[in-house]
Protein chains: 2
Amino acid sequence: METVLDSTQPLPVVVDNSKSRYSRLRPLSLGDVRLLDGVLESRRRVNREATLPSQYDHLEQTGRLDNFRRAAGKLDAPFRGVYFNDSDVYKWLEAAAWTLTSDPDPELERMMNAAIRKIEDAQQPDGYLNTYFTFEKASERWTDLTHKHELYCAGHLIQAAVAHHRATGSQRLLNVARRFADHICDTFGPEEEGKRLGTDGHEEIELALVELYRDTGDRTYLDQAQFFVDLRGHGLLGGRTYHGVHGLLGGREYHQDHKPLREMREMVGHAVRAIYLNAGAADLYAEMGDPTLLEALEQMWHNMTTRRMYVSGGIGSRYEDEAFGEDYELPNARAYAETCAAVGSVMWNWRMLTIDGDARYADLLEHTLYNAALPGLSLDGHSYFYQNPLSDSGAHRRSPWFGVACCPPNVARLLASLPGYLYGVSDHGIWVHLYAEGTAEVSLDNDRTVVLRQRTQYPWDGDVEIEVNGESEFGLMLRIPAWCEEGGAIEINGDPFDGSASPGSYAEIRRAWRAGDKVRLSLPMPVRCVECHPYVAENAGRVAIMRGPLLYCVEQVDNPGLDLRDIVLPAEASFSVQYRPDLLSGVAVLKTLGEIIPPDEKWRERLYRRARPRTDAPQDTTVEVTTIPYYAWANREPGPMRVWLRSRFPLR
Amino acid sequence: METVLDSTQPLPVVVDNSKSRYSRLRPLSLGDVRLLDGVLESRRRVNREATLPSQYDHLEQTGRLDNFRRAAGKLDAPFRGVYFNDSDVYKWLEAAAWTLTSDPDPELERMMNAAIRKIEDAQQPDGYLNTYFTFEKASERWTDLTHKHELYCAGHLIQAAVAHHRATGSQRLLNVARRFADHICDTFGPEEEGKRLGTDGHEEIELALVELYRDTGDRTYLDQAQFFVDLRGHGLLGGRTYHGVHGLLGGREYHQDHKPLREMREMVGHAVRAIYLNAGAADLYAEMGDPTLLEALEQMWHNMTTRRMYVSGGIGSRYEDEAFGEDYELPNARAYAETCAAVGSVMWNWRMLTIDGDARYADLLEHTLYNAALPGLSLDGHSYFYQNPLSDSGAHRRSPWFGVACCPPNVARLLASLPGYLYGVSDHGIWVHLYAEGTAEVSLDNDRTVVLRQRTQYPWDGDVEIEVNGESEFGLMLRIPAWCEEGGAIEINGDPFDGSASPGSYAEIRRAWRAGDKVRLSLPMPVRCVECHPYVAENAGRVAIMRGPLLYCVEQVDNPGLDLRDIVLPAEASFSVQYRPDLLSGVAVLKTLGEIIPPDEKWRERLYRRARPRTDAPQDTTVEVTTIPYYAWANREPGPMRVWLRSRFPLR
């Protein structure tokens with residue numbers, strides 16, 4: 001197999017589309033972006049200081065690392081846990097690698113290297129690597145691709161290896177990943193090449209192979225990714241028959257195998273699988289430029305965002321199958337909205353954004369990051385949500401770990417890679433996707449280097465100052481979020497910007513910049529009462545509260561004595577905004593006056609009754625209602641929580 | 001083991017509580033009640049003529065009968081299907097036996113006897129009988145009580161045997177069942193007796209053993225039933241650890257093993273399991289009179305009916321686990337509402353009714369029968385619903401069979417036993433629970449025999465004439481359904497009844513009856529718009545249409561061109577009632593005028609937006625809206641269906 005490994009030091013970029021022919025935006029290196037303060041940086045810091053070390057302990061205590069020792073013949077003990085446990089180690093490694101790009105940490109490095117050594121030792125002579133399929137299970141290799149996640153685990157190994165290579169320059173883990181990838185490329189492929197048809201029930205290998213191609217220059221991996229993408233939709237996954245208790249679980253839609261990707265128009269089946277596939281297909285498009293692939297992805301994005309996505313950005317409406325539901329099927333308390341699916345949505349949206357620079361993808365990336373991914377991790381970094389309901393009785397609490405622990409290291413690798421999502425570069429100039437206190441060092445096409453300094457309290461405030469240091473002519477592309485319906489106001493060195501800054505677009509400020517130039521962006525952040533499409537049954541007559549990029553919710557602890565189900569907001573609710581540095585690691589709380597309208601007495605002992613106007617005088621009471629950012633719920637004492645509140649607003 | 005088999009011919013009663021000390025009402029023999037016309041009889045006839053023969057074919061074609069041939073050593077082939085497939089044969093046998101009590105049918109009898117012969121042949125020398133646990137699986141007997149349904153299958157064998165014995169007088173199948181039951185009694189019991197602790201993950205054995213006790217007089221079976229009921233709640237089911245993918249599936253609540261039954265107050269876990277347990281516990285109460293058992297059952301009934309039951313009477317809110325949800329968790333399109341759970345609810349309510357004669361149980365029995373069990377079977381008797389949603393896009397259709405085929409023979413045995421649910425007898429007199437054209441021959445306590453003749457178009461019309469033939473003084477107890485909020489009007493031989501006939505009670509007409517006496521009962525049947533408790537999120541602002549005992553729905557085929565989601569009923573909807581003998585085997589359709597209010601144009605490409613009054617002029621159109629009984633939906637061309645319709649009624 002051809003090897004064209006670039007001898008230059010790789011750049012630590014999260015997704016390396018810097019040479020992708022069909023990508024408009026190139027990424028910045030993680031090492032060139034510094035987050036200095038604010039919500040994102042505080043979560044990244046907790047991830048580094050608390051989450052990563054404690055996750056390593058979990059990997060040890062739950063036998064995930066022992067499984068590698070065992071596979072290497074160094075431990076005589078049974079395999080522990082579920083058959084895809086290796087992937088948690090790989091995702092943790094990826095998170096550790098990204099973290100080390102900006103924050104040297106000898107102890108973290110020691111853990112990382114210890115894990116890598118175990119992985120090296122566990123690899124089989126032929127390159128195969130999966131600790132479950134060793135010894136007594138070795139003969140079962142690749143016998144159940146549909147369910148057993150071998151290529152999924154391989155994909156996470158590859159992603160970890162690529163991250164490790166980009167972050168450290170070391171090829172140790174990359175060599176392991178390549179040997180396994182070569183084994184995979186030798187095994188799976190067209191029958192006329194003497195290979196075997198088949199791909200994994202859980203997508204992940206696709207995007208990993210594209211990234212491995214980007215990291216090594218070996219086109220075999222890109223072709224293999226395309227083979228795996230194209231094989232879907234023909235019932236050829238390989239393995240035993242689909243799971244299925246009278247059709248309830250699994251099935252071809254579950255695995256996105258019901259039709260070829262290019263023919264798909266709706267998001268169906270297991271949400272994480274579906275969105276990983278789309279991320280991989282977007283990577284493939286960035287390299288190959290097949291318009292039918294992009295068309296399918298755009299249509300599916302449209303279906304997801306206009307029919308099958310929670311107001312949080314969360315996806316997956318069903319506990320059964322952890323799956324998308326039908327159009328407008330969005331139950332609140334039983335929302336699945338898996339944390340991993342939110343991470344996957346960030347991954348997919350990032351790739352779509354870099355392909356065409358359309359602000360809608362950056363909008364959804366930001367929205368999903370704050371409101372669907374961040375809720376997955378407690379503020380102290382030690383416990384996790386698997387499901388993220390939008391309404392709860394107080395019983396749904398974060399867990400320190402799971403038997404199926406996909407979500408914890410997934411949110412960890414996202415947080416570790418956060419600086420990579422803030423900016424982009426194109427021949428237009430520098431794109432600012434996300435606002436947060438910090439700096440970025442950007443190498444332009446003309447070989448000039450520019451340093452940007454963002455000063456902002458975002459997301460608590462919509463004012464952003466960007467100081468430009470460097471001398472060059474380029475466009476500074478500032479995202480004006482779609483939620484900012486008033487549009488952004490921009491001043492350059494005190495003079496009003498005369499271009500467009502309309503919502504849902506990038507304002508392009510093109511000029512010959514001089515050191516010390518200051519751009520002030522103001523994004524008005526009124527509190528917004530948001531209504532839902534009338535076909536979503538549960539949200540009829542209700543509103544959700546948003547401000548800036550953040551979704552809010554009511555939580556019992558802030559509203560003692562109120563039954564959250566009985567809160568009714570007035571038609572023209574007016575809110576106060578109060579930043580509370582002491583609360584929930586610092587949040588702006590929103591307060592308003594609402595009514596309490598409990599069900600009338602006659603409802604006490606019945607579920608249904610002949611419709612009649614209530615006869616008792618409703619004991620309507622005006623009360624203060626306090627809301628907090630949804631991402632911060634369930635970090636204090638347990639109690640009910642609700643996103644959608646009843647409203648007197650004449651909806652529809 | 002003591003054998004006290006009654007030498008007299010057994011009576012074909014569905015549940016033989018005729019000698020139960022703590023039962024108020026005794027049942028009538030199936031042979032003494034004739035249904036002559038109407039909805040129930042037409043469904044029973046189709047069951048006999050179409051369903052039972054076709055189900056026997058399915059039992060053959062799917063290998064369920066071959067499994068018995070195989071276990072008997074007469075067929076060298078692998079076991080086919082799921083491990084509890086035997087139970088489908090048993091339930092079919094029970095249905096066949098009840099059918100033969102009123103309708104001799106040599107072909108059905110031949111099939112029944114052929115099945116019984118196979119069962120006899122398959123029984124093991126020690127009495128054990130389960131075709132899955134034979135040959136290579138024989139050593140796995142009783143090793144996984146939690147999941148493998150061995151005692152569940154045994155329970156259905158016992159129920160079939162009891163039915164066969166009562167229906168035919170033959171002890172053939174009863175002998176098989178007793179040998180197995182004796183083996184079970186020898187195996188499971190207190191450790192101090194050298195037996196083993198353990199009971200089944202799927203309840204059914206409990207009520208079966210009580211019935212076996214009633215049929216044989218052998219108290220061992222009653223004690224064994226009590227042992228099995230009392231063992232729950234202590235984590236002692238026995239078998240492998242609970243299923244569970246990070247806590248999603250299974251668990252102790254799923255199997256009603258989270259606390260002892262006497263301490264339960266809420267309906268939780270797998271709905272069929274839960275309701276079978278309660279039916280068995282009610283049987284146990286009827287014999288033993290333990291008030292803590294009755295208290296628990298009453299509280300659970302209250303929880304179910306006021307918090308966790310669909311307006312159809314269906315139960316089970318979740319696809320995952322086929323389970324009850326939280327209070328007020330009642331999604332419509334994703335309702336599980338398994339047909340088996342409705343059958344189980346009829347069973348449980350019948351037992352509660354016979355214990356204390358409270359009309360609320362008869363109300364719910366009737367409601368569940370018409371609106372939750374009947375929808376499970378197509379009008380032609382050839383296809384089945386497993387789940388019964390209350391809203392559908394047109395994709396949910398009945399199936400001719402299932403891999404897990406619990407529902408088809410379950411609805412068949414219910415329909416076959418229908419005549420048994422119409423009447424009761426007590427020292428007060430004769431109780432008329434259900435109204436339907438037909439006759440009943442009743443033996444009173446004073447050894448007199450009375451024949452009742454019901455003439456009625458019920459449920460299309462609330463007028464019922466009951467002619468009493470026989471000379472005796474007794475109370476005629478006529479159920480006045482709770483839905484009949486106006487109360488019933490009663491005349492006796494043309495004279496108004498001067499007693500109470502208030503809704504939700506039995507009107508007691510006590511007199512010295514003379515042959516030819518005629519009672520006329522009028523139950524007003526206005527169309528009712530029913531609203532739902534405001535905490536059920538999906539039904540806010542909606543109403544369901546009911547008339548008499550029947551729930552109605554809109555189906556696309558009757559409302560061409562309308563988007564059912566856009567129908568809005570006026571606050572004071574007035575309905576026309578039209579009986580259509582040609583339609584859906586004869587139904588009364590209800591018609592009203594409604595508006596069509598589609599979402600405004602701005603909703604087209606979005607799921608969420610800032611709440612604002614609609615700016616376009618809503619294209620409100622008044623249209624005729626046609627509704628049909630919910631039990632008859634999905635019997636014509638596929639299309640959307642909805643039970644809950646938007647309403648302008650000022651709800652809450």
Side-chain angles (χ1 to χ4, degrees), chain A residues 244-248 302 305-309 311 318-320 325-326 328-334 386 391 393 402-404 485 528-544 565 597 599-600 603 605-614 644 646-647 649-652, chain B residues 244-248 302 305-309 311 318-320 325-326 328-334 386 391 393 402-404 485 528-544 565 597 599-600 603 605-614 644 646-647 649-652:
Chain A
V245 179
H246 42 92
L248 296 187
H302 179 263
T305 55
T306 66
R307 305 283 191 275
R308 300 184 178 188
M309 187 182 80
V311 70
R318 297 181 180 173
Y319 267 67
E320 67 277 12
E326 297 288 313
Y328 306 114
E329 178 188 330
L330 294 162
N332 291 315
R334 297 299 291 173
Y386 201 108
S391 164
S393 64
F402 305 98
V404 171
E485 297 183 7
R528 311 188 306 281
C529 286
V530 169
E531 61 178 324
C532 182
H533 192 289
Y535 289 169
V536 178
E538 281 202 10
N539 298 339
R542 298 177 193 275
V543 296
R565 299 174 294 192
I597 309 185
D600 70 45
W603 278 123
E605 295 307 320
R606 57 205 323 177
L607 197 43
Y608 307 102
R609 69 180 187 193
R610 205 156 165 174
R612 53 173 63 107
R614 62 189 298 166
W644 290 97
R646 288 163 60 192
S647 168
F649 197 88
L651 299 166
R652 293 170 195 252
Chain B
V245 180
H246 42 92
L248 295 185
H302 178 264
T305 55
T306 65
R307 304 284 189 276
R308 300 185 179 189
M309 188 181 79
V311 69
R318 297 181 179 174
Y319 267 67
E320 67 276 13
E326 298 288 314
Y328 306 114
E329 178 187 333
L330 294 162
N332 291 315
R334 297 299 289 173
Y386 201 108
S391 165
S393 64
F402 305 97
V404 171
E485 296 182 7
R528 310 188 305 281
C529 286
V530 169
E531 60 178 322
C532 182
H533 193 289
Y535 289 168
V536 178
E538 281 204 10
N539 298 339
R542 298 177 192 276
V543 295
R565 298 173 294 191
I597 309 184
D600 69 45
W603 278 122
E605 295 307 320
R606 56 204 324 177
L607 197 44
Y608 307 102
R609 70 179 186 193
R610 204 155 165 175
R612 52 173 61 107
R614 63 189 297 165
W644 291 97
R646 287 164 60 191
S647 168
F649 196 87
L651 298 166
R652 293 170 195 250

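Since this is a predicted model, take the numbers as computed values, not measurements. Here is how names work: the chains are called A, B, and so on, in the same order as the sequence lines, proteins then strands, and each is numbered from 1.
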Checklist line | Between CZ on residue A/R565 and NE2 on residue B/H533, distance to nearest 0.5 Å | finding: 7.5 Å

Notebook entry, point to check: Which of these passes side chain to side chain contact (heavy atoms under 4.5 Å, CB included) with B/Y608: A/V311, A/T305, A/T306?
Noted result: A/V311

Notebook entry, point to check: In terms of heavy-atom proximity below 4.5 Å to chain B, should A/R318 be classed as side chain, backbone, both, or neither?
Noted result: side chain

Checklist line | Test item: A/R334 and B/E320 side chains (from C-beta on) under 4.5 Å apart, heavy atoms | finding: yes

Note to self: Quick check: do A/W603 and B/E531 have side-chain heavy atoms less than 4.5 Å from each other?
What the structure shows: yes

Checklist line | Region of B/R606 in contact with chain A, defined by heavy-atom distances below 4.5 Å | finding: backbone

Check: What distance do A/E329 atom CD and B/N332 atom CG have between them, rounded to the nearest 0.5 Å?
Finding: 11.5 Å

Next item on the list: Tell me, out of A/C532, A/S391, A/S393, who's got the most heavy-atom pairs with chain B below 4.5 Å.
Entry: A/C532

Item checked: Which atoms of A/R307 approach chain B - backbone, side chain, both or neither, heavy atom under 4.5 Å -> both

Item checked: Considering all heavy atoms, the nearest A/P534-B/R542 contact -> O-NH2, 4.4 Å

